Asker: 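Handing you a structure now.
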Amino acid sequence: MAFKGHNALASGRFEVAARPLGAGGHSTVFKAKDKAYADPSRSFALKVYDPQQPDEAAGSTVHPSNINEMLALDVLQSAAETKAIASSIPPGFYRRAWHPNVVRRYGHHMASKSTRHGDQWLLLELLEGAQSLGRCSEVSAFEAKAVLYELLRMLAFLHQNDIAHGDISSENLLVCRKIEGLPLLNAIDFGLSVHAKAQQAMGAESGRGFQGARGTPGYFTPEMTWPYAAYSDPKGSPMFQRYDERKGDIFQTGVVAVEVATGKNAAKDLFPLGRATKQGVAQLSRQLFTFTGRPGNEEAAAMGFPQGLFSEIEVSSADGIKAKLRRWGVGDEGLLDVLSKMVCLPGSRRTAEELSMHPYFTHDAALQPVVKAYIDWGFPPPHTIPTPTVPAPLPLPLPQPTHITPTATNSSMASIGSPPTDDEQMMEVDEEADMMVIDHSL
Ligand SMILES: Nc1ncnc2c1ncn2[C@@H]1O[C@H](COP(=O)(O)OP(=O)(O)OP(=O)(O)O)[C@@H](O)[C@H]1O
């Protein structure tokens, strides 16, 4: 197994598969074994970031999104450790308290001055046999409901921890196994995440929210696009308003849910970005507001939305949004109601926790195995399913970590595997795996 670049760190420590698992704009992800781990036969996903040209001011070769991702996973690790202590999970086993819908982090290294490929990496749980939600075919209506419920539970958790994912898309959600026959999602790619820790580390001014459009085409939100429509040269315009990325997560999740429910593709069929230019975003903005409706006076003022913009478009209403969703092929009235509170203007968007308590989910006893799984993992829902068949939650044994079979089944989703074998014997090294050299003096 060879690693391109052959630097001492990566080729010495990891045995890396030649063929990548996947690649993104700033990284390549490989299946790898870590010789420093107690069980050197255990496989991980090694995300190797591309070094950047040294930044003029700080001389750093680390792309800011890599820092974002690393720090978001730091925050999630702290949350898991705190939860583990509260649940009397012994030290070293905190990953048992990690949220089931977020990929687990095992270590990282960020050599901030190095231009060598392989000096910036993130070691993640291997989601073996996983495929992106966007590539799953034949998702049943009930699977689609379970997927949306899981997404909302995951977002509620992230948002409670003051993290916005910032780039929810069907490519950044991997499906790797099933709970009682239902798909289990894992969110990856926290490169555009928004959280106080990154803002502190990178000296961003305080206050939540970004300005301007960023993310994956197909998932841009109305609030990030309107300044492009409002001004011929919006760059640096003081009229750019900050927007709350947590609300953006809700909109993007709604778009993913529409994709899953209808089989349409966000970037091709729903909200295509014709050209990645200001003019292209301006056109997309018109399309987005045609879908959501333009803001009424009050919301327009709150968004800093100029008077008169898109005056020919009707004012936003839930009924208008539902009618358009029906035309796209969403038929279920419950789902229509949930989506009309997600794929709408920011002022009308509900929180992930509120949405997870919608009767569409809570009145469906068939969703019980999924809800029960969260209770078993130590994440009780903010609601209870009103059915006599639901057993009362018992005092929890230590949640068993999940284990993934090495190969996908021939269905569109892979299956749950046998129980884990390594966690107990890994105790010391489990912690050791996090004590990797961190050099991010940015
Ligand atoms: N933990 C994992 N287990 C298995 N495969 C993974 C894992 N993490 C990432 N991948 C694969 O690698 C691909 C790229 O990962 P990721 O989206 O994190 O990279 P990125 O460089 O941040 O991408 P982008 O340019 O979209 O921001 C994913 O689409 C997936 O196929």
Side-chain angles (χ1 to χ4, degrees), residues 148 152 168 208-213 215 217-232 234 237-259 261-262 264 266 269-274 278-352 354-355 358-360:
L148 180 53
L152 292 170
I168 299 285
R208 173 172 286 282
F210 270 83
Q211 300 168 307
Y219 303 89
F220 284 9
T221 65
E223 61 270 29
M224 63 167 81
T225 63
W226 72 255
Y228 297 85
Y231 302 101
S232 55
S237 162
M239 294 307 291
F240 268 81
Q241 299 288 314
R242 288 191 168 273
Y243 51 81
D244 185 340
E245 286 281 351
R246 287 169 297 190
K247 292 192 173 206
D249 282 350
I250 300 291
F251 186 92
Q252 291 171 345
T253 300
V255 174
V256 169
V258 174
E259 289 185 288
T262 63
K264 292 185 188 298
D269 311 317
L270 304 181
F271 300 121
L273 174 65
K278 280 183 274 190
Q279 289 75 16
V281 181
Q283 277 168 10
L284 171 63
S285 186
R286 180 174 295 279
Q287 201 195 333
L288 281 161
F289 282 98
T290 302
F291 183 84
T292 60
R294 81 182 143 86
N297 289 346
E298 215 173 289
E299 176 148 32
M303 290 171 73
F305 191 90
Q307 291 289 331
L309 183 67
F310 300 143
S311 52
E312 76 285 8
I313 295 175
E314 63 178 15
V315 171
S316 182
S317 77
D319 284 344
I321 292 171
K322 284 183 193 172
K324 285 161 204 147
L325 287 167
R326 276 194 199 95
R327 284 204 285 279
W328 274 347
V330 180
D332 186 297
E333 283 302 316
L335 180 59
L336 279 168
D337 197 59
V338 173
L339 290 176
S340 70
K341 296 171 168 68
M342 300 178 77
V343 194
C344 57
L345 296 180
S348 308
R349 271 173 232 158
R350 301 294 169 83
T351 66
E354 285 166 351
L355 290 160
H358 190 283
Y360 175 62

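Keep in mind it's a predicted model, so treat the numbers as computed, not measured.
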Asker: Heavy atoms only: give me the nearest G293-I313 pair and the separation to one decimal.
Answerer: CA-CG2, 4.3 Å

Asker: Going by ring-ring contact (aromatic ring centres under 6.0 Å, His included), name the residues that satisfy it together with F289, two or more places apart in sequence or in a different chain.
Answerer: F305, F310

Asker: Looking at L345 and S316, what are the two nearest heavy atoms and their distance?
Answerer: CD1-CB, 3.8 Å

Asker: Is any side-chain heavy atom of F291 less than 4.5 Å from a side-chain heavy atom of L325?
Answerer: yes

Asker: Do Q283 and L273 pass the side chain to side chain contact (heavy atoms under 4.5 Å, CB included) test, and can you show the C-alpha distance, the side-chain angles, and the key distance before you say yes or no?
Answerer: CA-CA 8 Å; Q283 277 168 10; L273 174 65; over 6 Å; no

Asker: Where is the tightest heavy-atom contact between A266 and G218, given as atom of each residue plus distance?
Answerer: CB-O, 3.6 Å

Asker: Is there any side-chain hydrogen bond (donor to acceptor under 3.5 Å, both in side chains) pair reaching into residues 330-348, and which pairs are they, with sequence neighbours excluded?
Answerer: K322-D337, R326-E333, D337-K341, D337-H358

Asker: Pick one: which of R350, E245, M342 meets side chain to side chain contact (heavy atoms under 4.5 Å, CB included) with I250?
Answerer: M342

Asker: Write out all pairs satisfying salt bridge (charged side-chain N to carboxylate O under 4.0 Å, His left out) with one or both partners inside residues 282-294, taking only residues at least two apart or from two chains.
Answerer: R286-E312

Asker: Of the non-hydrogen atoms in W226 and G304, which two are nearest, and what is the gap between them?
Answerer: CH2-O, 2.7 Å

Asker: I'd like to check I168 versus F251 (side-chain heavy atoms, cut-off strictly below 4.5 Å). Are they in contact?
Answerer: no

Asker: Report the residues that fulfil side chain to side chain contact (heavy atoms under 4.5 Å, CB included) with A257, sequence neighbours left out, ordered by chain and then residue number.
Answerer: L148, L339

Asker: Taking only residues two or more places apart in sequence, or in another chain, which ones meet E299 in a side-chain hydrogen bond (donor to acceptor under 3.5 Å, both in side chains)?
Answerer: none

Asker: Just to verify, what does K264 make a side chain to side chain contact (heavy atoms under 4.5 Å, CB included) with, not counting sequence neighbours?
Answerer: T262, D269, L270, W328

Asker: For P359, give me all partners under side chain to side chain contact (heavy atoms under 4.5 Å, CB included), at least two apart in sequence or on another chain.
Answerer: T362, H363

Asker: Side-chain contact test, heavy atoms from C-beta onward, threshold under 4.5 Å: evaluate it for Q287 versus F220 and give yes or no.
Answerer: no

Asker: Just to verify, what does E354 make a salt bridge (Lys or Arg N to Asp or Glu O under 4.0 Å) with, not counting sequence neighbours?
Answerer: none

Asker: Under the salt bridge (Lys or Arg N to Asp or Glu O under 4.0 Å) test, which residues partner E223, sequence neighbours left out?
Answerer: R349

Asker: Within the 4.5 Å heavy-atom criterion, are P346 and D244 side-chain neighbours or not?
Answerer: no

Asker: Can you name the nearest heavy-atom pair linking A229 to L309, along with the distance?
Answerer: O-CD1, 4.2 Å

Asker: With S285, which residues qualify under side-chain hydrogen bond (donor to acceptor under 3.5 Å, both in side chains), at least two apart?
Answerer: T225

